[in-house]
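One structure below.
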Amino acid sequence: MNSLRHGQDTPLPAPLPDMALRPEVSKALSAVVPCFNEEPGLEALIKRLSAACAKAVGDDFEIILVNDGSKDGTWAEILRLSETVPQLVGVNLARNHGHQLALTAGLFLARGQRVFIIDADLQDPPELLAEMVAALDAGAEVAYGQRIHREGETWFKKASASAFYRLLQRLTDAPIPADTGDFRLMTRQVLDVLLSMPEQHRFVRGMVAWIGFNQTAIPYRREARFAGDTKYPLRKMIGFAMDAITGFSIAPLRLSLYLGLFSVLVALGLGAFVFWSWLANHTAPGWTSIAIIILAFGAMQMFCLAIMGEYLGRTYMQTKQRPLFIIQAIHQGKTPPP
């Protein structure tokens with residue numbers, strides 16, 4: 001894996017993310033782009049991203065496009081573009097692993113002293129790379145984009161995202177900044193620490209924030225998608241939020257404790273009331289209140305069990321020690337980079 005063969009696919013029979021198998025650092029900059037059904041916008045992405053990288057470091061860069069089990073012609077488009085863009089490296093995963101693991105696969109293969117993360121939808125402007133490079137030259141270890149405006153998104157998406165990040169800040173000890181995504185530039189030192197973290201359920205932006213070092217925000221206006229549809233419907237957004245909260249906080253488990261204590265207090269109060277009613281020889285007025293109490297306590301118990309089940313399930317998946325990702329092939333065009 002320490003070298004890429006030009007003009008052909010490179011099968012990887014041992015897909016484990018062993019740090020010893022990582023390629024040697026040989027570039028000034030690596031741009032990593034996870035792709036899932038992004039065929040219509042790839043050509044525009046490569047045009048803008050190549051120009052931004054060339055402006056920042058000249059020809060000493062690579063662009064790693066990770067095909068995350070796309071159902072359209074994304075991989076074929078990557079192969080086509082790699083024949084004309086020598087800095088382009090195509091990575092084809094064996095199946096759809098999800099955005100965060102596809103991103104991890106690309107980061108694992110990055111050969112740059114600095115690593116630039118960007119999505120393929122062009123909502124995050126590649127041209128902001130120059131400002132991020134300047135921030136790292138000034139002493140920062142991570143420069144991340146922070147959205148001050150979001151174009152082309154529904155009010156529900158904006159409101160839910162804002163509420164999620166503010167809730168996450170209150171629940172976790174890690175300084176995870178609000179209104180940020182994976183759009184960022186980081187040094188090799190930060191990348192090495194990030195890749196040494198073995199989480200199966202990954203929340204990369206939170207993991208980078210947890211690492212620490214000198215991190216600085218670059219405010220920008222997020223644009224609408226260049227082409228295609230969003231790859232994060234409500235179901236995936238909820239799953240992503242669960243990964244973030246359970247990966248960086250045990251506050252939900254503490255909530256179970258608080259609900260349990262509340263239940264005990266309510267039970268003691270009801271017990272005292274029932275005992276007083278028995279002493280006063282009062283008759284029971286009916287079953288409505290009893291049914292409500294049983295339903296309330298039953299729902300509370302199921303909620304607590306669900307929280308514990310989430311943590312238990314993640315622990316179970318982690319103990320399996322399966323590979324984070326499986327790479328089917330790596331492809332670089334016929335013309336080697338300078």
Side-chain angles (χ1 to χ4, degrees), residues 27-66 68 74 77-78 81 85 87-89 99-100 102-103 106-107 110 112-138 140-154 157-158 161-162 165 176-187 190-191 204-205 208-209 215-232 240:
K27 301 289 180 182
L29 176 69
S30 294
V32 178
V33 189
C35 306
F36 178 68
N37 294 345
E38 297 288 357
E39 178 187 5
L42 284 182
E43 186 169 0
L45 167 73
I46 293 302
K47 182 178 180 180
R48 290 177 58 182
L49 185 55
S50 298
C53 292
K55 181 179 179 181
V57 296
D59 291 330
D60 194 15
F61 69 91
E62 64 178 354
I63 299 175
I64 302 175
L65 298 185
V66 183
D68 186 25
T74 295
E77 181 69 1
I78 291 174
L81 291 171
V85 181
Q87 294 89 355
L88 195 155
V89 178
H99 180 275
Q100 297 294 282
L103 173 57
L107 294 174
Q113 288 285 355
R114 293 173 173 177
V115 179
F116 182 49
I117 301 174
I118 187 171
D119 287 338
D121 54 19
L122 286 175
Q123 287 187 276
D124 304 320
E127 294 76 17
L128 206 63
L129 173 61
E131 193 171 345
M132 292 182 175
V133 168
L136 265 61
D137 289 340
E141 299 285 344
V142 178
Y144 57 87
Q146 191 163 42
R147 306 155 186 158
I148 57 175
H149 186 74
R150 301 165 70 114
E151 296 285 351
E153 294 183 351
T154 64
K157 179 72 176 290
K158 295 177 183 178
S162 177
Y165 281 108
I176 302 175
D179 303 319
T180 63
D182 295 317
F183 181 45
R184 63 193 62 224
L185 177 70
M186 55 187 170
T187 64
V190 175
L191 176 64
V204 172
R205 66 200 69 171
V208 174
Q215 305 198 16
T216 184
I218 308 294
Y220 74 104
R221 298 175 65 89
R222 196 170 200 229
E223 303 170 4
R225 285 185 62 90
F226 177 81
D229 301 320
T230 179
K231 305 306 184 294
Y232 266 95
F240 192 55

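Position 1 is the first residue of the sequence; numbering continues from there. Predicted, not measured: the structure shown is a model, and the values here were computed from it.
Between F183 and P125, the shortest heavy-atom distance links the atoms CZ-O, 3.3 Å. In this structure, H99 and P34 approach most closely via the heavy-atom pair NE2-CG, 3.5 Å. A pairwise comparison of heavy atoms in I148 and P219 identifies CG2-CB, 3.9 Å as the closest pair. Between G106 and V66, the shortest heavy-atom distance links the atoms CA-CG2, 3.6 Å. In plain terms, the two heavy atoms of M186 and L107 that are nearest each other are CE-CD2, 4.1 Å. Summarising the geometry of L42 relative to C35, their closest heavy-atom pair is CD2-SG, 4.0 Å, with the distance given to 0.1 Å.
Between M132 and T216 there is no side-chain heavy-atom pair separated by less than 4.5 Å. Two residues are said to be in side-chain contact when any heavy atoms from C-beta on lie closer than 4.5 Å; I46 and L65 meet this criterion. Side-chain atoms of I63 and V89, non-hydrogen and from C-beta on, never get closer than 4.5 Å to each other. L29 is not listed as a side-chain neighbour of D60, based on a closest heavy-atom distance of 4.5 Å or more. Considering only heavy atoms from C-beta on, Q100 comes within 4.5 Å of D182 through its side chain. Side-chain atoms of V33 and L45, non-hydrogen and from C-beta on, do get closer than 4.5 Å to each other.
Aromatic ring centroids of F61 and F116 lie 6.0 Å or more apart.
Listed by chain and number, the residues in a salt bridge (charged side-chain N to carboxylate O under 4.0 Å, His left out) with D124 are R222 (sequence neighbours excluded). Residues meeting the salt bridge (charged side-chain N to carboxylate O under 4.0 Å, His left out) test with R114, sequence neighbours left out: D137. By the salt bridge (charged side-chain N to carboxylate O under 4.0 Å, His left out) test, E141 is found to be paired with no residue, residues two or more places apart in sequence or in another chain being considered.
Atoms CG and CD1, on L49 and I118 in that order, are 6.0 Å from each other to the nearest 0.5 Å. Within the model, atoms CD of E39 and OG1 of T74 stand 6.0 Å from one another, a figure rounded to the nearest 0.5 Å. Distance check, rounded to the nearest 0.5 Å: CD of Q113 to CG of L191 gives 11.0 Å. Distance OH/Y220 to CG/L128: 8.0 Å, rounded to 0.5 Å. Interatomic distance, I218 CD1 to R147 CZ, rounded to the nearest 0.5 Å: 15.0 Å.
A donor-acceptor pair is defined here as one N or O able to donate and one able to accept, closer than 3.5 Å; no such pair exists between the side chain of E127 and the backbone of A52. No side-chain donor-acceptor contact under 3.5 Å links T180 to the backbone of Q146. Using a distance-only test at 3.5 Å, with no hydrogens or angles considered, no donor-acceptor pair links the side chain of D119 to the main chain of D121.
The closest side-chain donor-acceptor pair between E62 and S30 falls under 3.5 angstrom.
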